[in-house]
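Numbering of ligands and ligand atoms starts at 1, following listing order.
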Amino acid sequence: MKKVRVRLGSNSYDICIGSGLLMQTGQQLKEIGFSDKLVIITDPTVKRLYGDTLKRSLTSNGFKVLVLEVPEGEEQKSLETAGNLYSDLSNFHAERTTPILALGGGVIGDLTGFIAATYLRGVPLVQIPTTLLAQVDSSIGGKVALNHGQLKNKIGAFYQPRLVISDITTLRTLTTRELSDGLAEIVKYGVIGGKGLFTYLGRNIDKVKSLDEGALEEIIFRVAKIKAKVVEKDERDFDLRNILNYGHTIGHAIESASDFKVGHGEAVAIGMLVEGRISNKLGIIDKDEVIKLKDIIARAGLPTEIPSLQLERLIQAIKHDKKILQGKIRFVLPKSIGNVFITDEVSPSMIEQALVE
Ligand SMILES: NC(=O)c1ccc[n+]([C@@H]2O[C@H](COP(=O)([O-])OP(=O)(O)OC[C@H]3O[C@@H](n4cnc5c(N)ncnc54)[C@H](O)[C@@H]3O)[C@@H](O)[C@H]2O)c1
């Protein structure tokens, strides 16, 4: 097992990464001082696959466990679902010291985190991410959120977990699309987080793709370390944390202009490449580096070509992106591989050229 410490003063916590960790969770929770009862929030697929293993580990360590199940899907990040969960917690007589465990992907993590942050003004949260995206990204850093109408992820809080347990054996049951979403985020961290990770990724991407446990553990560890550093420097997303949006300005626009037919990971992959081209047009990143970026995206099994979308619709979607400040579109662009910068000096014509290149 590998560990990353997220250092945030009294809100510091460990991220544990390894195989078979679900079976050790009861013991680990006892070690950090929990006892008595706790609540697991999960979805039907994850419950079927991993619910019993986790529950057994907890009950054999003396915990009384309530398992709450919410249907799958982004639409569950809602005030309505939250309301039902508050009632369940209240019926169980959950107290301020009762930990809530998020067992699932980013949807369960964001929803459960929101519940933990708000129920009784805050109860302990443990993230147990089971998708690659959740293990490398969403379970780390304390952003918890619901959606409300057009406000995606806008009703929320910064609420750090007490512990993150990433059991890499759970990744074996993911679909190709869910794996792609995680791989795209890993490539993103390779570009924003230093040449070392990008080089490691170049040497090991095939192993990561085929879920080789050693390579997976190492890559999740390295990515978690980068995210932890960014969060430590800018917990509340005032400046540095924005770099985590690399690939997402164009990526979100592609998702939305395709009516979400293009998946998140695929859209971010194309977004990273287009944003690399924009940087090259600004005279910043070398063409060779953009080629290396394209190569790693392709080797990760992600697309490098923009699907046939109406250019005009895509441009409109970019303009509507949440990262527009005073009429200017804000981009995170690579300076070189391993290093990014933030700019709002990209002209619409340059964006168009980079899209059609
Ligand atoms: N809080 C953050 O910092 C942050 C960062 C990035 C994304 N997010 C959020 O994360 C969400 C997306 O998360 P996601 O990509 O994990 O999707 P998800 O949570 O919807 O999970 C995708 C599907 O995978 C299934 N699943 C989960 N683990 C599985 C496993 N081990 N085996 C088989 N199936 C499994 C789930 O049942 C679900 O159907 C979005 O809501 C997004 O806003 C949050």
Side-chain angles (χ1 to χ4, degrees), residues 6 15 19-22 40-51 53-54 69-78 81 102-117 125 127-148 151-161 164-186 188-189 211 216 220 223-224 226-228 230-231 234-237 241-248 251-252 255-256 260 263-268 322:
V6 186
I15 303 164
S19 307
L21 297 188
L22 284 185
I40 300 170
I41 299 181
T42 189
D43 71 30
T45 300
V46 179
K47 183 180 170 197
R48 179 175 51 77
L49 292 165
Y50 303 110
T53 308
L54 178 60
E69 189 180 305
V70 293
E72 283 158 43
E74 181 69 26
E75 58 283 3
Q76 296 305 320
K77 283 171 55 175
S78 70
T81 301
L103 176 69
V107 165
I108 287 294
D110 282 8
L111 169 68
T112 305
F114 182 87
I115 296 291
L125 168 67
Q127 291 280 6
I128 309 184
T130 61
T131 63
L132 186 55
L133 178 134
Q135 294 194 355
V136 295
D137 196 11
S138 63
S139 64
I140 307 166
K143 275 193 183 179
V144 300
L146 300 180
N147 306 320
H148 180 60
L151 300 173
K152 177 155 161 55
N153 286 334
K154 289 287 168 59
I155 311 296
F158 291 93
Y159 192 73
Q160 301 297 336
V164 179
I165 298 174
S166 288
D167 184 339
I168 59 174
T169 27
T170 62
L171 304 178
R172 283 195 210 130
T173 47
L174 292 175
T175 63
T176 312
R177 183 162 179 165
E178 285 145 9
L179 271 177
S180 293
D181 289 351
L183 285 169
E185 295 299 329
I186 288 174
K188 177 189 87 177
Y189 280 96
L211 302 180
L216 265 181
I220 295 168
V223 171
I226 296 170
K227 177 138 190 195
V230 172
V231 170
D234 180 25
E235 184 184 359
R236 295 198 161 234
D237 201 0
R241 206 163 164 170
N242 284 316
I243 67 170
L244 303 178
N245 286 323
Y246 169 54
H248 286 63
H252 282 152
E255 275 185 281
S256 134
F260 294 87
H264 181 72
E266 293 167 346
V268 168
K322 62 180 176 184

Engineer: Give me the atom names and distance for the closest heavy-atom approach of Leu183 to Leu132.
Structural biologist: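 Distance-wise, the nearest heavy atoms are N-CD2, 3.8 Å.
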Engineer: Might you list the protein residues in contact with ligand 1, defined as having a heavy atom under 4.0 Å from one of its atoms, sorted by chain and number?
Structural biologist: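 Residues Asp43, Thr45, Val46, Leu49, Tyr50, Glu72, Glu74, Lys77, Gly105, Gly106, Val107, Asp110, Thr130, Thr131, Leu133, Asp137, Ser138, Lys143, Lys152, Asn153, Thr170, Thr173, Leu174, Glu178, Lys227 each place a heavy atom under 4.0 Å from ligand 1, listed by chain and number.
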Engineer: Do Gln76 and Thr81 meet the criterion of a side-chain donor-acceptor pair at a distance under 3.5 Å?
Structural biologist: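 Looking only at side-chain atoms, Thr81 and Gln76 do form a donor-acceptor pair, the distance falling under 3.5 Å.
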Engineer: Assess the residue pair Asp110 and Asn153 against the criterion (side chain to side chain contact (heavy atoms under 4.5 Å, CB included)); give the C-alpha distance rounded to whole Å, side-chain angles, the decisive distance to 0.1 Å, and a yes or no.
Structural biologist: CA-CA 9 Å; Asp110 282 8; Asn153 286 334; 3.8 Å; yes
Engineer: Do Tyr50 and Thr173 meet the criterion of a side-chain donor-acceptor pair at a distance under 3.5 Å?
Structural biologist: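 The answer is yes; a qualifying pair exists.
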Engineer: Quiz question: by atom type and distance under 3.5 Å, do the side chains of Glu185 and His248 form a donor-acceptor pair?
Structural biologist: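 Glu185 vs His248: donor-acceptor pair found between side chains.
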Engineer: Quick one: which of Val136, Asp137, Ile243 gives a side chain to side chain contact (heavy atoms under 4.5 Å, CB included) with Lys188?
Structural biologist: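 Exactly one option meets the side chain to side chain contact (heavy atoms under 4.5 Å, CB included) with Lys188, and it is Asp137.
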